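Inspection log for the structure reproduced underneath, given as structure tokens.
Residue indices begin at 1 and follow the sequence shown. Since the model is a prediction, treat every value here as computed from it, not as a measurement.
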Amino acid sequence: MPVEIYHNPRCSKSRQALQLLEEKGIQPKVTKYLETPPTQERLEKILDMLGMEPRDLMRKKEAEYKQAGLDDPTLSREQLIQAMIKHPKLIERPIVIKDGRAALGRPPESVLEIV
């Protein structure tokens with residue numbers, strides 16, 4: 001199965017992670033998640049692979065986070081995942097996936113641990 005990167009071309013960390021993969025001779029499947037957000041099932045699987053809860057993968061400084069009231073501790077995991085799908089800008093990036101494993105490119109070099 002090919003390597004996949006959830007990528008935002010406007011994000012420097014995402015561009016750096018993609019470049020690191022390409023320098024290793026890896027041509028990943030690039031998913032521009034702002035244009036094509038993951039499904040609920042896919043996002044749940046990514047969270048499981050990362051060993052994270054939804055809030056751990058959210059960009060809490062984005063305006064959408066506060067506007068949608070996502071800091072409410074009573075929100076369920078499913079409600080948070082739905083918010084991430086509705087506002088994909090909230091998803092931290094880049095995420096690289098290979099063979100059932102995932103890595104968050106913070107810092108970008110960490111994606112090399114799974115490839």
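Cluster membership for V3 and M49, using ILVMFWY side-chain heavy atoms within less than 4.5 angstrom, is not shared. Follow the hydrophobic side-chain contacts under 4.5 Å out from M52 and you reach Y65 in the same cluster. In this structure, L80 is a member of the same hydrophobic cluster as I95, with clusters built from ILVMFWY side-chain heavy atoms closer than 4.5 Å. Hydrophobic cluster membership differs between I46 and V96, with clusters built from Ile, Leu, Val, Met, Phe, Trp and Tyr side chains linked at under 4.5 angstrom.
Put simply, CD on Q16 and CG on L21 are 12.0 Å apart, with the number rounded to the nearest 0.5 Å. We find the CD1-CZ distance between I81 and R55 to be 11.5 Å, quoted to the nearest 0.5 Å. In this structure, the separation between NZ on K66 and NZ on K60 is 10.0 Å, given to the nearest 0.5 Å. In this structure, L43 CG and Q82 CD are separated by 9.0 Å, a value rounded to the nearest 0.5 Å.
Under the rule for a side-chain hydrogen bond (donor to acceptor under 3.5 Å, both in side chains), the partners of R59 that lie at least two apart in sequence or sit in another chain are E62, E92. Under the rule for a salt bridge (charged side-chain N to carboxylate O under 4.0 Å, His left out), the partners of E53 that lie at least two apart in sequence or sit in another chain are R77. For E44, the side-chain hydrogen bond (donor to acceptor under 3.5 Å, both in side chains) test picks out Q40, with sequence neighbours left out. Listed by chain and number, the residues in a side-chain hydrogen bond (donor to acceptor under 3.5 Å, both in side chains) with T74 are D72 (sequence neighbours excluded). Legend: residues meeting side-chain contact (heavy atoms from CB on, under 4.5 Å) with K86, ordered by chain and number and at least two apart, are absent. Taking Q19 as the reference, E23 meet the side-chain hydrogen bond (donor to acceptor under 3.5 Å, both in side chains) condition, with sequence neighbours excluded.
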Under the criterion side-chain contact (heavy atoms from CB on, under 4.5 Å), I'd like the reasoning laid out for H87 against L90: C-alpha separation, chi angles, the key distance, then a yes or no. CA-CA 6 Å; H87 305 286; L90 292 172; 3.7 Å; yes
Anything under 3.5 Å between a donor and an acceptor, one on a side chain of residues 25-37, the other on a protein residue two or more places apart or in another chain? List them.
| unit_1 | atom_1 | unit_2 | atom_2 | d |
| --- | --- | --- | --- | --- |
| T31 | OG1 | E4 | OE2 | 2.7 |
| Y33 | OH | I91 | O | 3.3 |

When the side chains of residues 108-115 are checked against the rest of the protein, which donor-acceptor pairs come out under 3.5 Å, sequence neighbours left out?
| unit_1 | atom_1 | unit_2 | atom_2 | d |
| --- | --- | --- | --- | --- |
| S110 | OG | L104 | O | 2.6 |
| S110 | OG | P107 | O | 2.7 |

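The two residues I97 and Y6 make their nearest non-hydrogen contact at CD1-CE1, 3.6 Å. Across every non-hydrogen atom of K89 and R93, the tightest pair is O-NH1, 4.1 Å.
Environment of NZ in K24: sparse, with no more than 12 heavy atoms of neighbouring residues, nucleotides or ligands closer than 6.0 Å.
L47 is listed as a side-chain neighbour of P54, based on a closest heavy-atom distance under 4.5 Å.
With S14 contributing its side chain and P9 its backbone, the two residues share no donor-acceptor pair below 3.5 Å. In this structure, the side chain of R101 does not engage the main chain of L50 through any donor-acceptor pair within 3.5 Å.
Pairs of residues two or more places apart, or lying in two chains, never qualify as salt bridge (Lys or Arg N to Asp or Glu O under 4.0 Å) while including a residue from residues 5-14.
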